[in-house]
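Just dropping this structure here.
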Amino acid sequence: MSEAPDHIEQRYRKLAQIQQLGHAAYPHKFERTHTVEELVEEFGDVSAEELETRSVKTRTAGRLVAIRGHGKASFSHIGGGGKRLQLYVRQDRVGNENYELYRLLDVGDFVGIEGEMARTRTGELTVFVNQVFFLSKALLPLPEKWHGLSDVETRYRQRYLDLIANPDVRDIFVVRSRLISAIRRFLEEKDYLEVETPMMHPIAGGAVARPFKTFHEALGIPLFLRIAPELYLKRLVVGGFDRVFEINRNFRNEGISTQHNPEFTMLEFYQAYSDYRDLMDLTEEMLKRVVKDVTGGLKVEFRGQKIDFNNFERLTMLESILKYWPDDDPPQEDELRDFGAIRDLVAGLGESLEGDETWGKLVAMLFERIVEEKLVQPTFIYDFPVELSPLSKTKDEDRALVERFEFFAGGLELANAYSELNDPDEQKRRFEQQGEERDKGDLEAHEMDQDYVRALRYGMPPTAGEGIGIDRLNMILTNSSSIREVILFPHLRPVASAE
RNA sequence: GGGUCGUUAGCUCAGGUGGUAGAGCAUCUGACUUUUAAUCAGGCGGUCGCUGGUUCGAGUCCAGCACGACCCA
């Protein structure tokens, strides 16, 4: 990508001329009486007559986003806070010297202005400018005013240009901020304490994923960027914080897709004296509140479908497989529970089997194959096979299942929760079992964490915990098709420098 | 990792079958004191992603590479 040398040269020349007129190239500050946003907010609905009688004076500033010259007068727009405001600059009003400065400005430059609020004859709110102040030069030209910037690669690599050119993009990140603060408010109301746990772990635990590895020179030890904060948050529950949450980044050394970024933002929270059913209730309450706070309603348009956050369905994993079975002849639940029968069912769908699949893995294969993408409306899927869940508590009435749920909407997995396993001996056995998987070559299997087992030996109250993917929730609330649309600076391969 | 598609001016895009590249906006010069994709007249601007091949001749055909998008694992 080359950078229009003649455009730059031209603008450097103008900057020099601006300095010759006696203006600093990079002034230090500009006092404003109003932001652009405030002016639009405050005077957007005030009539021309009222503006005239009130004769409101203002000093404001922003980036020039459009200039329409008419000889000895000119219209332009400045942008700020996602709003635009029209300026009317006349030579006979600002004076010859100031008009000369104005004529040296380009779209993209930052200006301050002093003037009076008024309306033009078309009715648009406009500052009739008395004086223009030069604040900063855009030496590179901005994307085109009408089509904007649409090249996806440039949008991600130079997100600042995307934000300048595409107001919708700005809105996505405003929603993101509101979403996170709404969640925080909700949890604080519920007496949750926000905490920060390490981002660098000596043992990458709390999830099933490949970690990024780094090295601490002074300690001489390898460290892993965390794949989940889970084991630390539960240590805090052991320590007596009954309700804790953390909103922060997790890192997983895996593929990049429209639903996966190597670093992503997760809310994790733990609540003592509760089980996974309490968290289903809490999740429902939280999502209703948050969706309403952020979007103003409970119905959200996502990928051409309406998601209704007023209705939450709850299905066990086995029930969901029966419900979404692809033909008119679904099996009986007994068959799903029978190892031989379910193996035949999986094979019958054309899945290739290695031969060492456990019952739980077969259930998961069926679920992923026929159910997951169908879960458009808000749905809790609960009671997972124990093999898939090394940190969850088994169900008393069925030792093959654990008290765990995932929450889906828009076909995306948004949350994962369970009644936490707090039996240290059982936890140790699960770690050992995972160790065997690891020895067999499964790099994602969970590693033994002795200190975590020790913490459980000091006693953890019955506790339920949950993680919610903030990026994916953000996608749903902004109808974004890719996770990269909701991450300000998504990871891309570096491009060879042109210099 | 595999498949499909894409990469041409600062931005957005055209460029049947191979014959040394165009438009709109931006930019520059001039005109213009209520415009809003301002208008009118005239100019400037390109290593067609990179490397190689086929050919008298490649933006166009072929191969490899880079980056990206989508789908699949």
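All values derive from a computational prediction rather than experimental measurement. Proteins come first, then strands; the chains are lettered A, B, ... in the order of their sequence lines, and each starts at number 1.
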Sugar-phosphate, base or nothing in reach of Gly69(A), heavy atoms under 4.0 Å: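 Base contact - Gly69(A) has a heavy atom under 4.0 Å of at least one base atom.
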Backbone of Ile164(A) reached by a side-chain donor or acceptor of Arg63(A) within 3.5 Å: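 Not a single qualifying donor-acceptor pair exists.
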Donor-acceptor pair under 3.5 Å, Arg68(A) side chain vs rU35(B) base: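 By the distance-only test, yes, there is a pair.
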Cationic N near anionic O, under 4.0 Å, Arg303(A) to Glu301(A):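 Here Arg303(A) does not pair with Glu301(A) in a salt bridge, since their nearest N and O are not under 4.0 Å apart.
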Touch class at under 4.0 angstrom, heavy-atom based, for Leu492(A) against every strand present: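 If one applies the 4.0 Å heavy-atom cut-off, Leu492(A) turns out to touch the sugar-phosphate alone, with no base involved.
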Who pairs with rG22(B) - Watson-Crick or G-U, where each distance is under 3.5 Å: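 Pair assignment: rG22(B) / rC13(B).
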Partner nucleotide of rG1(B) by Watson-Crick or wobble geometry (both distances under 3.5 Å):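 Matched rG1(B) with rC72(B) under the 3.5 Å cut-off.
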Any N/O donor-acceptor pair, Thr120(A) side-chain to rU35(B) base, under 3.5 Å: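 Such a pair is found, so the answer is yes.
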For rU7(B), the Watson-Crick or wobble partner whose two distances fall under 3.5 Å: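 WC or wobble partner is rA66(B).
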Watson-Crick or G-U wobble partner of rU47(B), both distances under 3.5 Å: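 For rU47(B), the partner nucleotide comes out as none, under the 3.5 Å rule.
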Closest nucleotide among rA69(B), rC67(B), rU12(B) to the His147(A) side chain: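 Selected nucleotide: rU12(B).
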Of Arg90(A), Arg93(A), Gln91(A), the residue whose pairing with Tyr99(A) passes side-chain contact (heavy atoms from CB on, under 4.5 Å):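 Exactly one candidate clears the test, Gln91(A).
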Nucleotide paired to rC61(B) in any strand shown, Watson-Crick or G-U, under 3.5 Å: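 The base-pairing partner of rC61(B), which may sit in any strand shown, is rG53(B).
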Full working for ring pair (Phe, Tyr, Trp, His ring centres under 6.0 Å) between Phe405(A) and Tyr418(A): CA-CA 6 Å; Phe405(A) 72 80; Tyr418(A) 33 87; 9.2 Å; no
Arg157(A) vs rG68(B): side-chain N/O to OP1/OP2 distance below 4.0 Å: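 The answer is yes; a side-chain N or O of Arg157(A) sits under 4.0 Å from OP1 or OP2.
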Pair partner, rU39(B) [Watson-Crick or wobble, under 3.5 Å]: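 The base-pairing partner of rU39(B), which may sit in any strand shown, is rA31(B).
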Per Ser482(A) side chain, nearest of listed nucleotides rG24(B), rU33(B), rC70(B):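 Of the options given, the side chain of Ser482(A) lies nearest rC70(B).
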Give every donor-acceptor pair under 3.5 Å between a side-chain atom in residues 38-50 of chain A and any protein atom, sequence neighbours left out.
{"residue": "Glu38(A)", "atom": "OE1", "partner": "Thr35(A)", "partner atom": "N", "Å": "2.9"}
{"residue": "Ser47(A)", "atom": "OG", "partner": "Glu50(A)", "partner atom": "N", "Å": "3.2"}
{"residue": "Glu50(A)", "atom": "OE2", "partner": "Arg54(A)", "partner atom": "NH1", "Å": "3.3"}

Nucleotide rA73(B), atom C1' - distance to CD1 of Ile256(A) in whole Å: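 Value for this atom pair: 16 Å.
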For atom CD of Gln10(A) and atom P of rU29(B), their distance in whole Å: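 Atom CD in Gln10(A) sits about 6 Å away from atom P in rU29(B).
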Base rU33(B) to side chain Asp92(A), donor-acceptor N/O within 3.5 Å cut-off: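 Such a pair is found, so the answer is yes.
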Sugar-phosphate only, base, or nothing, as touched by Arg93(A) at under 4.0 Å among non-hydrogen atoms: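 The answer is nothing, as Arg93(A) stays clear of every strand by at least 4.0 Å.
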Sugar-phosphate only, base, or nothing, as touched by Gln86(A) at under 4.0 Å among non-hydrogen atoms: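 Base contact.
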